[in-house]
Amino acid sequence: MKLLRAVAATSALALLTGIGLTAPAHAAPAPKTGSETSTLRSYAADTWRSMTAMADPTTGLVSDNIEGDLSAGSRSAYTSPTNIGAYLWSAVAARDLHIIGDDAAMARMKQTLDTLGTLHRDAASGMFFNWYDPHSGDVLRTWPVDGSTITPFLSSVDNGWLAAALMTVRTAEPRLAKEANALLAPMDFGFYYDKNARPGVGGELAGGFYEEKPPGCSVVGNYRNRGPDVYYTCNHYDVLNSEPRIASYIGMALGQIPLSHYFTLYRTFPPDCTKFGWQQMQPVGYNHTYMGINVYEGAFRYEGLQFVPTWGGDMFEALMPDMFVPEETWGPTSWGINDPAYVQGQIRHGLDEAKYGYWGFSPSSDPKIKDGYTAFGVPSLGMDQGGYPSDEQQTVDDPGIPGCRPAGPAPKWGDGVVTPHASFLALKFAPKAAVDNLAKLKANFDSYGAGGFYDAVAVGSGTVAKRYLSLDQGMTLGALGNFLAHDDIRRAFDRGPVQRVIAPLLRIERFNAKPVD
């Protein structure tokens, strides 16, 4: 999941208050041929078919996953705020791509919003629990797959994605603005914000909290001092280039989290063996001050690229937030350089380093494990030592850090696991490469069904995970909506407070990243 002098701080803060702010333009869609457009539209129509198959006809809540035959009986008996949000923004994309009509899209979204209004959620924070029964709407306390006990949890990042969907719906379908706003209004992301997470520096978002004491590590407290104490997770999200930044963006835009929070997050960890000698590689960078916070503008180097890494090296950490926030436009000297470089890193790993012949690595179904889910990525694109693996063999690539730890053995890449949603997320930054990669996956493997691309392919063995995940299908439709319908998801989401607050914030930083050669 960065170069401004201190003397410019005053003008930067003026920007943050909205003084002289003009509406930033969105990036123009990349040129597309007629055949490419037709192919992508057919992918979108089939992908929408899988989303409707996962939706419970009674509640309008989408299941987490469904088998490749799209049979109703194979729908999973659990769903999450992220899944529900994915269904809502997918309906917007399906409408804007003319897959369904205006009234049909509105009816689907209204049914889901109506059900959301009946779901039990935490009273003080307004947040939704992480697992619900999609048919009854009940909070799950027993995992349907194996009968294990669940302590109901309220995730910061999952609620971030649902809030993003509600903010999208209220603009995209004005007839539902009242319902969407009523659901959004109680959601307070300040409930997750620990202002003392980095003593002397600033605050970070906790992973989430429980209303009742869970097994394992937890910290009792209440960051808002409103309502009863809760049990916070022991982890915080401390890396900028990762999917939790959607919750950070929303919390800052709504005035629930201070803007300085953006600069408390790590670009990379500093090159300090005693504290951070475990990170994947030695970063290159310099220190710079923004809003009174000292930021280490670190970057990794890989395959001729220089970029700010994610935590695990996967695609959705880097680009799923960009599906809503036009980061490359609002932050031309940060995300505008980093996102294309990151995509190229994924391409170069798949084609040049590991020589799989395909690329696109992100958490997905595991083709070798029935109903399994594994965090796949490119190790060298992630900060975590070893990163997420790109293959079934869980191959680790440890280049070592001189003076900190020796390099590990040279990696021998095995059965690479490629997920189509990664290519769809990359469309904006490498359209031809993405379209070609998808075409090869479809032509060379049994990777496509009635609901679009199946979730993942082990490209060495040809093993396919023949199921659909609502999250991954939602990323596919959101990316296609933006690519083919003039940034429709972004334009709906960023209207109002997001544009006024986040656009000027992103403008003031320069990452220590370099444009792709």
Side-chain angles (χ1 to χ4, degrees), residues 1-5 8 12 24-32 239-242 245 262-263 265-268 271 280-288 290 295-310 313-323 325-353 359-361 377-378 380-383 399 422-423 425-437 479 482-483 487 490 502-517:
M1 26 197 215
K2 297 193 167 202
L3 189 60
L4 204 69
R5 288 290 180 189
H26 287 268
K32 299 172 283 289
V239 171
L240 175 66
N241 194 5
S242 189
R245 71 182 182 275
Y262 185 77
F263 297 109
L265 301 173
Y266 288 100
R267 280 60 182 158
T268 69
Q280 170 71 4
M281 66 178 69
Q282 182 83 313
V284 294
Y286 49 83
N287 291 296
H288 193 80
Y290 303 95
V295 175
Y296 177 64
E297 290 289 359
F300 281 2
R301 288 172 172 166
Y302 167 72
E303 291 287 312
L305 303 164
Q306 186 166 308
F307 55 91
V308 174
T310 60
D314 57 284
M315 196 72 91
F316 90 66
E317 276 188 287
L319 296 185
M320 190 175 173
D322 185 79
M323 202 167 70
V325 179
E327 294 173 313
E328 83 287 350
T329 303
W330 291 356
T333 58
S334 54
W335 302 106
I337 297 171
N338 209 69
D339 289 347
Y342 193 92
V343 169
Q344 283 300 314
Q346 286 249 338
I347 294 171
R348 292 179 189 184
H349 175 73
L351 301 185
D352 301 332
E353 183 187 24
W359 58 272
F361 310 93
V378 178
S380 292
L381 298 184
M383 274 190 269
S423 289
L425 289 176
L427 271 170
K428 182 171 289 292
F429 304 104
K432 185 178 188 306
V435 169
D436 290 349
N437 195 50
N482 282 330
F483 193 69
D487 273 350
R490 287 170 150 194
I502 304 304
L505 180 68
L506 299 191
R507 287 187 194 139
I508 69 175
E509 186 176 16
R510 181 183 296 276
F511 285 176
N512 187 29
K514 293 184 178 180
V516 177
D517 292 334

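A quick note: this is a predicted structure, and the numbers were derived from the prediction, not measured.
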Residues forming a side chain to side chain donor-acceptor pair (under 3.5 Å) with [X], sequence neighbours excluded:
{"X": "E327", "result": "R245, Y249"}
{"X": "Q282", "result": "none"}
{"X": "S380", "result": "D397"}
{"X": "Q306", "result": "R301, N512"}

Please find the pair of heavy atoms, one from [X] and one from [Y], that lie closest to each other, and give the distance.
{"X": "F300", "Y": "G382", "value": "CE2-O, 3.4 Å"}
{"X": "A426", "Y": "M315", "value": "CB-CE, 4.2 Å"}
{"X": "V325", "Y": "L506", "value": "CG1-CD1, 4.3 Å"}
{"X": "S423", "Y": "N437", "value": "OG-ND2, 2.9 Å"}
{"X": "T268", "Y": "P309", "value": "CG2-CD, 3.5 Å"}
{"X": "V308", "Y": "Y342", "value": "O-CD1, 4.3 Å"}

State which residues pass side-chain contact (heavy atoms from CB on, under 4.5 Å) with [X]; sequence neighbours excluded, sorted by chain then number.
{"X": "V435", "value": "E36, L40, L427"}
{"X": "I337", "value": "A513, P515"}
{"X": "D436", "value": "K432"}
{"X": "A433", "value": "I347, W359, A430"}

#### Entry: Results of ring-ring contact (aromatic ring centres under 6.0 Å, His included) for F361 - residues two or more places apart only
H349, Y356
### Query
Less than 4.5 Å apart, any side-chain heavy atom of M320 and any of D314?
no
### Message
Consider side chain to side chain donor-acceptor pair (under 3.5 Å). Of N482, T329, D322, which one does R490 pass it with?
### Response
D322
Backbone N/O of [Y] and side chain of [X]: donor-acceptor pair under 3.5 Å:
{"X": "E328", "Y": "N338", "answer": "no"}
{"X": "Y296", "Y": "G285", "answer": "yes"}
{"X": "R348", "Y": "Q346", "answer": "no"}

### Query
Got a sec: does the CG of N287 have more than 12 other heavy atoms crowding it under 6.0 Å?
yes
### Query
Between T310 and F316, is a side-chain contact (heavy atoms from CB on, under 4.5 Å) present by the stated rule, with each step listed?
CA-CA 10 Å; T310 60; F316 90 66; over 6 Å; no
### Message
Measuring from atom OG1 of T333 to atom CD of E509, what distance do you get when rounded to the nearest 0.5 angstrom?
### Response
7.5 Å
### Message
Let's go through I508 and Y262 carefully: what are the C-alpha distance in whole Å and the side-chain angles of both, what is the deciding distance for side-chain contact (heavy atoms from CB on, under 4.5 Å) to 0.1 Å, and is it a yes or a no?
### Response
CA-CA 11 Å; I508 69 175; Y262 185 77; over 6 Å; no
### Message
Applying the side chain to side chain contact (heavy atoms under 4.5 Å, CB included) criterion to Y302, which one of E353, Q280, Q344 satisfies it?
### Response
E353
